[in-house]
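Below, each value reflects all heavy atoms present in this structure, side chains not excepted, and no hydrogens, waters or symmetry copies. Counting starts at 1 for both ligands and their atoms, following the listed order.
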Amino acid sequence: MTDKMTSRLQVAARAVYRCEYCWLSERHTSVPFQLDHVIAEKHKGETSLDNLAYACMHCNAFKGPNIAGMDPETKDIVRLFNPRREDWKEHFHWEGPVLTASTAIGRATIAVLRINLSYRVAVRASHMQEGIF
Ligand SMILES: [Zn+2]
């Protein structure tokens with residue numbers, strides 16, 4: 001097994017095969033999840049377990065190399081949620097299938113990663129109805 005495969009499996013298992021941003025379960029999607037560099041390589045983020053997160057294709061694609069975003073409430077620029085250093089529950093909570101922020105970091109992360117786009121909320125609502133979310 002290569003180092004790359006080892007780290008992929010380690011990151012996936014650590015995340016319990018769930019997106020570390022929106023909590024989508026990889027088991028219930030058809031597209032394999034990706035390794036997100038929490039601090040993107042363009043900002044000198046390392047490819048190490050300390051800087052990798054398991055992310056669904058939606059979160060990873062919208063996040064891109066971003067490490068900060070605008071808080072839609074205050075218009076301040078704030079850094080994005082860091083799943084390696086912070087507790088998800090300090091920044092987010094669920095209101096049904098809608099992800100709601102408790103902090104500026106949560107609001108900016110939801111906005112940049114577009115976690116509440118209607119089709120994504122619809123998928124979560126459907127998974128909740130099926131009892132798999
Ligand atoms: Zn996600």
Side-chain angles (χ1 to χ4, degrees):
M1 191 181 290
T2 66
D3 284 348
K4 200 172 179 181
M5 281 183 74
T6 303
S7 61
R8 178 177 173 79
L9 286 172
Q10 285 175 311
V11 172
R14 177 175 64 189
V16 199
Y17 296 87
R18 191 171 66 175
C19 176
E20 295 190 69
Y21 297 99
C22 76
W23 283 18
L24 185 68
S25 170
E26 186 176 39
R27 191 174 311 154
H28 305 295
T29 62
S30 56
V31 182
F33 281 13
Q34 301 165 338
L35 295 187
D36 162 55
H37 284 78
V38 177
I39 305 299
E41 289 176 290
K42 89 182 273 186
H43 302 295
K44 310 289 183 207
E46 293 180 359
T47 302
S48 67
L49 288 175
D50 288 344
N51 189 46
L52 291 173
Y54 212 46
C56 73
M57 62 163 189
H58 308 286
C59 286
N60 203 32
F62 287 125
K63 182 170 176 277
N66 291 304
I67 55 175
M70 186 183 287
D71 175 354
E73 219 170 275
T74 64
K75 309 297 182 205
D76 290 338
I77 301 296
V78 295
R79 65 180 177 75
L80 299 179
F81 169 67
N82 182 330
R84 293 286 67 79
R85 293 190 164 66
E86 298 168 285
D87 182 359
W88 188 95
K89 289 180 176 166
E90 282 180 22
H91 297 285
F92 308 101
H93 58 274
W94 294 109
E95 288 182 10
V98 176
L99 188 61
T100 305
S102 313
T103 63
I105 287 170
R107 290 191 295 270
T109 302
I110 289 170
V112 171
L113 278 58
R114 301 190 196 170
I115 291 174
N116 288 324
L117 279 179
S118 59
Y119 73 88
R120 299 180 71 183
V121 171
V123 166
R124 285 194 294 271
S126 165
H127 284 178
M128 283 174 173
Q129 275 186 335
E130 295 170 46
I132 56 174
F133 188 88

May I ask you to decide if the ring planes of Tyr21 and Phe81 are parallel, tilted or perpendicular, using 30° and 60° as cut-offs?
perpendicular
Verify the cluster assignment for Ile105 and Ile67: are they in a single hydrophobic cluster under the rule of side-chain heavy atoms below 4.5 Å apart?
no
Test: Arg84 and Asp50 ion pair at under 4.0 Å:
no
Note on the Zn ion (ligand 1): protein N/O/S atoms within less than 2.8 Å are Cys19 SG, Cys22 SG, Cys56 SG, Cys59 SG
Main chain of Pro65, side chain of His43: is a donor-acceptor contact present, judged purely on distance under 3.5 Å?
yes
If I compare all heavy atoms of Ala13 with all of Tyr17, which pair ends up nearest, and what's the gap?
CA-CE1, 3.9 Å
Residue set satisfying side chain to side chain contact (heavy atoms under 4.5 Å, CB included) with Arg114, at least two apart, ordered chain then number -> Phe62, Leu117
